[in-house]
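All remarks here apply to the structure that follows.
Naming convention: chains lettered A, B, ... in sequence-line order (proteins, then strands); numbering from 1 in each chain. Since we're looking at a predicted model, the values are computed, not measured. When reading the values below, keep in mind they use all heavy atoms of this one structure, side chains included, and skip hydrogens, waters and symmetry mates.
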Amino acid sequence: MPDYTLTASTPLDGYSRDFVGVSIHEVNDRAIVSIAVPKHGERELAKLLTSSYQIELPKPGILSVASRDNVVLFNMAQDQYFLVFDYTGNTATSVVRNLLGDTAYLTDQSDSYVWVRISGTNSRCLLERICPLDIHPSVFPVGSVARTVMEHLGTTIIHDAEDSFLLLSARSSAHSFLEAIETSAANTEPVN
Amino acid sequence: MEHRGLKYSGFKVIKEALTGHKGWKPVWRTPKPREEYDVVIVGGGGHGLATAYYLAKEFGITNVAVLEKGWIGSGNVGRNTTIVRSNYLLPGNEPFYEFSMKLWENLEQDFNYNAMVSQRGILNLFHNDAGRDAYARRGNAMILAGADAVLLDQDGVRQMYPCLDFENARFPIKGGLLQPRGGTVRHDAVAWGYARGADSRGVDIIQNCEVTGMVIENGICRGVETSQGTIKAKKIAVCVAGSSSRVMSMAGMRLPIESHVLQAFVSEGLKPILPGVVTFGAGHFYVSQSDKGGLVFGGDIDGYNSYAQRGNLPVVEDVCEGGMALMPMIGRARLLRMWGGVMDMSMDGSPFIDKTHIDGLYFNGGWCYGGFKATPASGWCYAHLLAKDKPHPVATEYRLDRFKRGAMIDEKGVGAQPNLH
Amino acid sequence: MSQINRIDGGLVDRTQKLNFTFDGQTLEGYAGDTLASALLANGHKMVGRSFKYHRPRGIFSAGSEEPNALVQLRSGAYQEPNTRATITELFHGLEATSQNHRGSLKYDFMAVNDLFSSFLSAGFYYKTFMWPKAFWEKFYEPVIRAAAGLGRLSGEDDPDIYDKGFLHCDVLVVGAGPSGLSAALSAGRAGARVILMDEDFHMGGRLNAEILSVDGQSGHEWTRQAIAELSAMDNVRLMTRTTAYGAYDHGIIGALERATDHLISSSDKPNLKKPRQILWRVYTERTILCAGSTERPIAFGNNDRPGIMLAGAVRAYVNRWGALPGKRVAVFTNNDDGWRTATDLAEKGVEITAVIDSRDGQPPVDVPNGAAVVMGGRIVDTQGRHGIRSITLSNGQKIPTDCLAVSGGWSPNVQLTCHQRGRPTWREDIAAFVPGGELPQGMMVAGAAAGNLSLSSVLQDGHDLGNQAVSDLGFNPTAAVAAISEEETVGISAFWYVKESKARSWLDLQNDVTVKDVKLSHQEGFRSVEHLKRYTTLGMATDQGKTANIPALAVMAECTGKSIPETGTTIFRPPYTPVAIGALAGRARGKDFRPARLTPSHAWAEEQGAVFVETGIWYRAQWFPKAGETHWRQSVDREVTQTRASVGVCDVTTLGKIDIQGKDAAEFLNKVYANAFAKLPVGKVRYGIMLREDGIMMDDGTSARFSDNHFVMTTTTANAVGVFRHMEFCRQCLWPEMDVHLISSTEQYAQFAVAGPNARKLLQKVVDSYHDISNEAFPFMACGEITVCDGVPARLFRISFSGELAYEIAVPTRYGDSLVRTLMAAGEEFDVTAYGTEALGVMRIEKGHAAGNELNGQTTAQDLGMGRMVSKKKDCIGNTLSERENLNREDGLSLVGLRPVNRSDELKAGAHFIAKGKAANMTNDEGWMSSVAFSPSLGHSIGLGFIKQGNDRMGEIVRAADPLRGSEVEVEIVSAHFIDPEGERLRA
Amino acid sequence: MIIHHPLLGPRDASEFVYKGDASLINRPDWQADNAPELFHDYLYLRDNPAGEHQELWYHEQGDRSWLVVTRNTLTHDITNVELARDVAFAKQANKSGRVEKSGRGKK
């Protein structure tokens with residue numbers, strides 16, 4: 001029996017900071033399971049998603065949400081979705097496999113990303129410095145999702161509430177990503 | 001006959017200055033095309049004009065026309081960043097570029113025109129051990145081929161360029177491969193000097209003459225159709241850089257070439273601050289300072305097929321990012337102009353100087369973004385091929401069939417992906 | 001005395017006095033001034049020297065077209081060369097110095113060039129400086145270079161910060177003059193998302209400089225109300241100090257905002273901590289270009305003296321800034337607008353000495369009191385050393401004046417319309433080029449930029465195009481009508497230069513290009529506009545020839561006997577005005593040049609004092625110095641020795657990891673790898689080589705099979721992204737029918753190599769005991785999903801890069817930091833060492849494994865001794881073209897090991913192999929040393945290299961020539977497997 | 001440049017990686033008698049037109065789709081964008097004379 005235990009760490013050690021008009025927080029305790037749709041298997045998968053999570057396969061750019069485990073489902077690539085849910089354990093794929101069986105190819109991505117939430121009235125002003133996409137509510141309303149590149153880093157942006165955006169970027173470059181956000185916050189913070 | 005036109009001399013310059021410059025004549029004539037020539041060169045850029053010049057001067061073939069769609073020198077010879085160097089790795093390339101370098105070194109006296117050849121040195125920086133190893137291999141290859149190369153460590157680089165970022169760099173400078181004989185040349189003057197030299201030896205330079213078709217009879221190319229009528233020739237020598245595919249398609253040929261846009265940039269004029277040419281090894285940026293004071297710089301090609309002679313912002317930003325990463329003192333210099341040239345990017349990054357499968361039709365192209373430095377050797381070797389129907393000894397590898405044989409000359413090792421060369 | 005030339009009126013704030021210095025002299029101006037208006041208000045006329053002849057130069061214009069009044073702004077590291085005084089907003093503590101003189105501005109030694117001007121005509125340097133040969137580089141060129149340029153960089157790192165951003169809108173209006181304001185009002189009122197930007201710090205454009213009325217009130221008041229209405233709209237964003245400098249493909253506009261340049265002096269700057277400038281990329285459906293027009297001069301003898309200015313600029317200084325450019329002003333014009341300068345100034349009580357109109361006939365307006373009027377007049381010369389004192393007319397009449405206002409008509413600012421493929425077209429009635437038919441995507445042009453030169457037409461045009469733009473986009477324009485003003489007269493008769501002038505007549509003031517230079521250019525055959533520019537340097541200066549190009553073109557047209565449009569036009573390229581390189585780079589400099597990827601053990605390695613190395617954008621531990629180790633070799637040798645003797649741990653997370661699933665996953669791998677993969681058993685790993693389609697080695701790595709439909713591939717660190725992209729290409733474009741899915745799991749797992757004879761023993765301490773990892777149960781090339789430390793899921797691979805008994809163990813990244821600490825703690829009893837990339841490299845060279853220096857994109861599997869792995873029996877990427885003759889030559893290269901004959905010799909990578917007794921030259925070059933290391937296991941330097949027919953030459957001694965570093969070493973060709981050639985250790 | 005992704009809408013071209021001529025989809029049959037020649041022509045020879053060009057772009061910083069973009073190399077105007085996978089399917093169907101479903105469900 002091993003005498004050792006492993007302890008988990010988060011990419012940014014639970015970072016949280018407020019600027020004038022905008023707050024930046026690391027988000028944790030969410031699992032991500034990639035769901036790849038087998039050839040000709042979409043219908044069957046959709047059926048199981050409905051029966052298990054009461055959730056639909058979303059079109060690209062739009063979040064599907066359900067109450068069970070605060071599930072969010074969105075498209076990442078052709079035939080590939082990310083299922084995101086509240087979970088702190090080590091075996092996120094088995095949780096999903098229990099519900100979806102072998103109707104999809106599952107890959108755990110929970111440890112692949114850093115999550116940062118940017119919220120507050122100045123959020124869009126901050127994001128204007130690094131996000132190439134038009135995130136004006138008229139074209140990117142709450143419930144929208146897109147993947148793009150910010151400061152050379154691939155980033156998925158989710159408009160999760162009014163004046164609130166969730167960003168996912170690669171875990172290994174989490175510190176550079178945070179720096180890009182903090183710099184934007186400092187550069188756009190109003191001078192008093 | 002040398003200089004049917006006007007020879008420039010100190011005496012002549014003084015005389016003209018004192019008499020109101022009334023005696024200067026056009027640097028080249030404006031002839032009407034004749035019905036037939038021994039050689040018709042398609043393309044009045046640097047390579048085409050150099051080919052005509054050397055055909056006349058070195059091989060005695062003067063019944064030659066150079067056909068230019070627009071004004072001579074309007075292509076890449078007037079759109080590049082003026083760098084000359086012979087710092088190649090592979091045996092298929094290095095002797096050719098070294099031959100070119102030697103021609104540059106004697107060019108002005110040869111064609112009696114000051115093209116301002118300036119051997120200020122070209123320094124390629126490296127930022128890690130693998131980079132050093134690759135440059136050591138290359139530097140040794142250069143020396144073995146008779147060229148010059150010096151490997152600098154960080155201190156050596158610092159002595160030459162104290163203004164680089166040595167303290168805070170994301171990719172610290174570890175050293176560089178210096179070719180002291182590399183440098184810059186005033187690009188337009190190269191075209192004008194060759195034009196003047198060719199013209200004075202009887203070559204017809206015909207501007208605003210666009211080739212619209214090839215005259216091919218029984219598999220033999222006998223001339224070209226142009227916007228100024230049909231012009232017959234014993235040999236047709238195509239030399240049109242970014243337009244290679246367009247022109248050769250008139251002969252039904254497909255080429256191992258894609259046309260891509262490369263942007264170049266110049267800053268406002270500044271008092272001298274950079275002695276030579278520097279190339280960043282961890283980003284896309286190289287720079288030199290012109291005699292007029294502008295920082296002339298560039299980076300990577302835009303990366304998509306284009307004939308548009310203009311690029312887009314992401315590459316502009318990428319190049320300036322490289323510039324600021326390498327030498328943060330240029331931040332307050334302003335970019336004055338940006339422009340684009342159409343590059344004939346080949347499938348292995350190396351050029352072609354070859355006969356085609358069609359008798360009488362010759363091809364010179366695939367120079368990628370490196371055609372300017374090759375101008376003298378390209379002209380000479382093409383002239384040699386046209387005059388003798390066999391390749392010049394330093395250009396034996398530049399064959400169109402080399403991909404069939406697997407004899408690629410791939411300096412960068414990126415394969416059949418033209419936008420990466 | 002301060003502000004001797006300041007008069008009443010204008011838009012400056014007299015309650016805010018600002019002190020500034022010019023060439024060390026302290027002066028005073030007001031908020032709202034530019035440096036130029038403040039200098040004029042203080043009676044300063046001469047502000048610089050010209051490029052070539054070092055002629056005295058003053059303020060010429062009132063905008064970004066300025067060719068003359070270039071200064072060095074600020075000092076020290078903040079020094080900005082070539083800054084146009086005419087658009088530099090005055091701030092407290094501004095420091096400016098004049099440029100391009102040796103000695104003082106007034107007494108410049110280089111002014112001697114002017115005396116030799118006949119030698120310095122266009123293109124002079126091409127004809128001379130060639131004799132004797134060596135003199136060009138040794139003598140002439142250094143002299144020319146020393147004289148080059150205008151301003152000076154400090155040579156210090158730019159201390160400011162810069163930023164970039166992205167803007168999105170429906171309608172972008174460029175220019176906030178009367179047409180721009182009207183357009184923005186139309187579009188904004190209709191509810192579209194509008195951005196209105198202007199390069200000036202005060203919106204209003206020419207309305208600021210004129211005393212015209214709009215909608216029955218003053219133009220200034222109308223502007224104020226328009227701005228107020230726009231500011232109140234949520235859907236409208238107003239951006240001052242922002243120049244749209246370039247139009248790019250698909251309607252993208254580049255813009256530069258000078259965010260804080262105007263705020264504070266250099267000494268206060270470090271406290272600001274806000275970006276100096278912001279580079280915006282604007283994504284817009286419609287761009288309405290309302291860039292106005294630029295006045296151009298007329299060329300005549302000595303027309304470059306300080307005090308000779310554009311007529312509209314003279315008016316602007318008086319009307320907008322209350323700054324008087326002179327006390328006795330003369331006007332030279334070919335159009336009605338020039339007269340307005342005379343009437344406006346006369347109204348302010350300024351003495352108008354003369355109005356010279358090149359046109360015959362009657363004056364178009366009432367003549368100001370006391371002014372001499374010369375219709376059909378010509379100025380042939382001017383006098384005044386440091387500033388104009390008088391003018392001479394063609395009739396010999398001399399008129400004293402201290403300011404000459406010149407108007408040759410107005411040229412629409414078409415620059416942005418040309419940035420793609422647009423060619424302007426000539427309009428004879430206004431003697432100017434207007435935008436051509438082919439505009440950048442989504443662009444419309446309104447107002448003076450479109451050639452509408454009267455205020456009433458400009459207001460209407462802006463209003464209409466604003467409405468049209470929003471209608472195009474599906475908005476409903478409001479019923480509001482355009483603002484109105486009275487119709488003014490805009491007559492013009494083209495007149496470019498005074499032929500009667502004997503003295504030099506300037507066209508390009510900054511680059512010193514005169515009418516004679518253009519004529520010489522024509523005489524020597526440089527007749528195409530592009531040849532003209534290149535031969536004379538016309539329009540190549542910092543002002544991009546905004547005031548020079550068209551008059552010069554007119555001179556060339558006259559020489560060729562053709563019309564102006566037949567002679568040509570010049571195409572404008574970005575940027576509209578020069579842009580600081582720092583702004584184009586944004587934040588990317590220093591450590592922020594590129595993001596950093598950190599391995600899961602990074603924090604731990606830092607605690608150990610590891611030295612890090614950049615590997616692509618990763619930082620990896622290169623070695624781990626221990627106390628007492630003073631040279632990196634000591635640390636690396638120890639790490640190798642300890643690993644080979646017992647056990648070492650290395651973070652290998654950076655290797656690319658790709659999760660491959662699907663019914664066709666095995667068949668897919670069989671196609672992307674050159675060796676066979678279809679039958680790899682579950683629970684096994686196989687080494688694979690991947691070719692490019694051209695048959696050259698692309699990458700190598702391993703793939704592990706976890707189930708029938710599930711593989712995990714590793715790639716090299718360098719090629720991780722490229723291999724993934726390539727496999728997506730294969731999957732989507734070549735074999736779309738396959739059921740195979742790819743996702744990167746590089747970030748998901750922290751992966752460590754555990755290598756050395758005690759590797760298993762160490763792992764057994766952390767792997768949960770119910771997983772049997774004995775040699776029998778888990779042999780070489782086994783893989784499996786296990787758990788460690790009481791249930792944490794992990795993957796274990798029995799693979800070896802070092803040649804030792806070795807494993808790679810992967811855990812979810814969140815446990816990576818913890819795992820390395822655990823392994824090191826658990827390994828204490830075995831004297832475990834952490835090893836970095838350097839020891840990793842030494843061990844792989846000792847083992848003869850190829851890495852980046854060997855997989856350099858130029859080598860084949862054959863060259864690397866793996867030719868037989870390339871299957872001929874299946875369809876896979878690269879195998880067909882790998883069979884080409886030149887890639888399979890008898891005398892082809894082989895990867896071999898090299899060891900120095902004299903064991904104490906140090907080998908150098910990059911050396912070339914030359915047979916003994918042959919000359920070291922290219923003909924005798926037989927290959928090169930690709931990688932070297934000092935082998936602590938063998939006690940001497942070893943190398944890997946490629947040499948012709950190497951496999952047949954084992955034991956032969958050749959020279960490793962390194963003339964670059966002046967060394968040559970005799971080496972023996974040996975097997976590349978220096979250590980454990982039979983592979984017994986890794987199976988132990 | 002802006003590429004109108006068929007699934008995601010307009011995206012700046014800097015999110016994409018360029019490969020080249022869309023004919024790279026048409027990989028030759030490795031068992032053809034003249035396979036070496038076919039592969040040579042496939043890999044190395046290009047039409048390289050000055051005008052309309054069909055080319056492959058990879059949405060690396062997006063959804064990792066390979067796209068076939070029809071773009072004019074003189075003007076950079078883009079007139080059509082398709083998923084490369086759909087194009088590849090269509091080509092296969094043409095070759096085999098049957099129509100295969102793209103595998104993508106109805107949206």
What part of [X] lies closer than 4.5 angstrom to a heavy atom of chain D: side chain, backbone, both or neither?
| X | value |
| --- | --- |
| Asn305(B) | both |
| Gln417(B) | side chain |
| Ile257(B) | both |
| Ser249(B) | neither |

Exercise. Side chain to side chain contact (heavy atoms under 4.5 Å, CB included) with Tyr307(B): which of Thr75(D), Asn72(D), Leu74(D)?
Worked result: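 Checked Thr75(D), Asn72(D), Leu74(D) against Tyr307(B); only one passes side chain to side chain contact (heavy atoms under 4.5 Å, CB included): Leu74(D).
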Exercise. Is the closest side-chain heavy-atom distance between Leu255(B) and Arg46(D) below 4.5 Å?
Worked result: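 No, side chains not in contact.
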Exercise. Do the non-hydrogen side-chain atoms of Pro256(B) and Leu45(D) ever get within less than 4.5 Å of each other?
Worked result: yes
For the [atom1] atom of [X] and the [atom2] atom of [Y], what is their distance to the nearest 0.5 Å?
| X | Y | atom1 | atom2 | value |
| --- | --- | --- | --- | --- |
| His76(D) | Asn312(B) | NE2 | CG | 7.0 Å |
| Asp318(B) | Ser14(D) | CG | OG | 10.5 Å |
| Asp21(D) | Glu258(B) | CG | CD | 7.0 Å |

For this session: Pull out the residues in residues 343-366 of chain B that come under 4.5 Å of chain D, heavy atom to heavy atom, sorted by number.
Result: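 So the qualifying residues are Met347(B).
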For this session: State whether the side chain of Glu55(D) and the backbone N or O of Tyr304(B) hold a donor-acceptor pair below 3.5 Å, judged by distance alone.
Result: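 No, because the side chain of Glu55(D) does not come within donor-acceptor range (under 3.5 Å) of the backbone of Tyr304(B).
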Exercise. Do you know which two heavy atoms are closest between Ala50(D) and Arg246(B), and how far apart they sit?
Worked result: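 Where Ala50(D) meets Arg246(B) most closely, the heavy atoms are CB-CD, 3.5 Å.
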For this session: Identify the two heavy atoms, one from Gly303(B) and one from Tyr18(D), that lie closest to each other, and give their separation to 0.1 Å.
Result: O-CD2, 2.7 Å
Seminar exercise, completed: Highest number of heavy-atom pairs under 4.5 Å with chain D among Pro314(B), Ala308(B), Ser306(B) belongs to Ser306(B)
Exercise. Does one side chain, of Asn48(D) or Ser259(B), offer a donor that lies under 3.5 Å from an acceptor on the other?
Worked result: yes
Problem set entry | Which atoms of Pro49(D) approach chain B - backbone, side chain, both or neither, heavy atom under 4.5 Å |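 Contact with chain B is through the backbone of Pro49(D) alone.
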